[in-house]
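Only heavy atoms go into these numbers, but all of them, side chains included; no hydrogens, no water, no symmetry mates. All residue numbers refer to positions in the sequence shown, counting from 1.
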Amino acid sequence: MITDDPGTPGNGKWENNLAIIFAHHPNETSSDLPEIDLNYGVGEHIQLTLQTAPVLLKRSGRGLVGGLGETEAAVKWRFLDETTSGFDISMFPRVIFNFGQSSVRRGLTEDGTRFQIPFQAAKAFGRWRVDAEVGPRASTVGRSEWLDGIVCGFDLTNATMVMAELHDESRMNFSRDALTLNFGLRHAFTENYILILSMGHELRSPDQPTALIGYFGMQFVY
């Protein structure tokens, strides 16, 4: 899902995700093929993250272009645990940057470097789980933004969870927001191999026609 959760892999463990991600607008489609999301646990409460992807972009009336997408480096710190405090709460500061300007010139990535300092909270209610995230995003190019999202999940079985999400990105005064409705499924074949799927649609977008989005990935925990 777009909204992050407070979970960390555990000390010395990897939680890696390989996924195909797409966003389809009426006149263009972009795809991450694949997105590579690497996460490593340092202790029980710290996660180191590195994420990037090759990106393909097809616009109406133009040829296919490709290049390296944005790269994200982050550290997650879960400083409260549900078992002792009633909630899982974490902070997940990150920097998102480009290697060079070629992908910016091709329209594959946004210009500038962005900094996010979001906080995540989660709590389980029997077979239900609620995750929420909120925080600012500053950029060296353009305006700062506010990010917030909420995910509700329900355990159909011990291995399968279905999820629904609302995620919003807006200016700091909460104007010109992009609101997305997203539905997902998480199925654990084993504790080490987990299928994650989601499909969603922007309900409103201030700068371009609303997009259909999708995520099809596998998570490997070891």
Side-chain angles (χ1 to χ4, degrees), residues 1-9 15-24 30-39 47 49-53 55 69-70 72 74-76 78 82 87-94 96 114 116-125 127-137 145-170 177-189 191 193-205 210-221:
M1 311 303 278
I2 306 170
T3 303
D4 279 307
D5 64 79
T8 55
E15 180 186 283
N16 298 333
N17 303 286
L18 296 178
I20 296 172
I21 303 175
F22 75 86
H24 175 70
S30 66
S31 304
D32 293 4
L33 297 170
E35 182 189 63
I36 303 167
D37 178 22
L38 308 178
N39 304 281
Q47 172 184 303
T49 294
L50 184 65
Q51 180 178 305
T52 192
V55 177
E70 296 172 327
E72 174 183 313
V75 179
K76 182 190 293 183
R78 190 177 71 253
E82 185 171 2
F87 292 88
D88 286 328
I89 300 181
S90 66
M91 63 183 302
F92 201 2
R94 68 196 70 181
I96 305 167
R114 289 174 288 161
Q116 295 180 197
I117 311 177
F119 287 81
Q120 299 81 31
K123 185 171 179 59
F125 302 90
R127 296 170 69 180
W128 292 91
R129 179 178 173 88
V130 178
D131 295 88
E133 180 178 42
V134 63
R137 177 168 65 196
E145 296 178 309
W146 193 259
L147 312 177
D148 56 89
I150 186 167
V151 179
C152 293
F154 179 74
D155 289 321
L156 292 177
T157 68
N158 289 336
T160 304
M161 173 184 283
V162 292
M163 297 164 284
E165 173 186 35
L166 277 175
H167 187 271
D168 190 71
E169 301 181 10
S170 69
D177 68 315
L179 180 65
T180 301
L181 176 64
N182 204 21
F183 297 96
L185 178 143
R186 184 181 187 274
H187 176 75
F189 294 107
E191 63 180 11
Y193 304 102
I194 302 163
L195 175 69
I196 303 174
L197 309 174
S198 71
M199 289 287 293
H201 198 281
E202 292 178 337
L203 301 181
R204 57 177 176 260
S205 177
T210 56
L212 176 70
I213 62 172
Y215 180 102
F216 305 89
M218 282 294 300
Q219 184 177 91
F220 304 91
V221 181

Heavy-atom nearest pair, L212 first then G200, reads CD1-O, 3.2 Å
For the pair F87 and E82, evaluate side-chain contact (heavy atoms from CB on, under 4.5 Å) and give the outcome as yes or no after the intermediate values. CA-CA 4 Å; F87 292 88; E82 185 171 2; 5.7 Å; no
Output the distance between atom CD (E145) and atom CG (D177), rounded to the nearest 0.5 Å. 10.5 Å
Taking D155's backbone N and O only, do any of them form a donor-acceptor pair with R127's side chain (distance below 3.5 Å, no angle check)? yes
Can you find a pair of side-chain heavy atoms, one from V151 and one from D5, that are under 4.5 Å apart? no
Closest heavy-atom pair, R78 versus D88, reported as atoms and distance to 0.1 Å, is CD-OD1, 4.0 Å
Under-4.0 Å salt bridge between R114 and E70: yes
Would you check if V221 and E191 make a side-chain contact, meaning some heavy-atom pair closer than 4.5 Å? no
If you count the non-hydrogen atoms of other residues, nucleotides and ligands that lie under 6.0 Å from CD1 in I20, is the total more than 12? no
What do the steps show when you test M199 against L185 for side-chain contact (heavy atoms from CB on, under 4.5 Å), and what is the final call? CA-CA 9 Å; M199 289 287 293; L185 178 143; over 6 Å; no
Would you name the heavy atoms of M1 and S198 that are closest together and state the gap between them? SD-CB, 4.0 Å
Rounded to the nearest 0.5 Å, how far apart are CG of N16 and CD of Q219? 8.5 Å
Residue pair P118 / R94, side-chain heavy-atom distance below 4.5 Å: yes
Rounded distance (nearest 0.5 Å) linking atom CD of Q116 with atom CG of L147: 5.0 Å
Is the number of heavy atoms from other residues, nucleotides or ligands within 6.0 Å of CZ (F154) greater than 12? yes
Using the test side chain to side chain donor-acceptor pair (under 3.5 Å), find all partners of E133 that sit at least two apart in sequence or belong to another chain. Q120
How long is the gap from CG on D168 to CG on D148, to the nearest 0.5 Å? 5.0 Å
Scanning both residues in full, the closest heavy-atom pair of V130 with C152 reads CG2-SG, 4.2 Å
Around atom CG of L181, are there more than 12 heavy atoms of other residues, nucleotides or ligands at under 6.0 Å? yes
Does the side-chain contact (heavy atoms from CB on, under 4.5 Å) test come out yes or no for E35 and N17, once each step is laid out? CA-CA 8 Å; E35 182 189 63; N17 303 286; 5.7 Å; no
How close do R129 and A122 get, counting heavy atoms only, and between which atoms? NH2-CB, 3.1 Å
Compare every heavy atom of M218 with every heavy atom of L195, then report the nearest pair and how far apart it is. CA-SD, 3.7 Å
Any chance you could measure F216, atom CZ, to I196, atom CD1, to the nearest 0.5 Å? 13.0 Å
Donor on one side chain, acceptor on other, T49 and Q51, under 3.5 Å: no
Interatomic distance, I36 atom CD1 to L18 atom CG [nearest 0.5 angstrom]: 6.5 Å
Run the side-chain contact (heavy atoms from CB on, under 4.5 Å) check on I2 and Y215 step by step: do they pass? CA-CA 10 Å; I2 306 170; Y215 180 102; over 6 Å; no
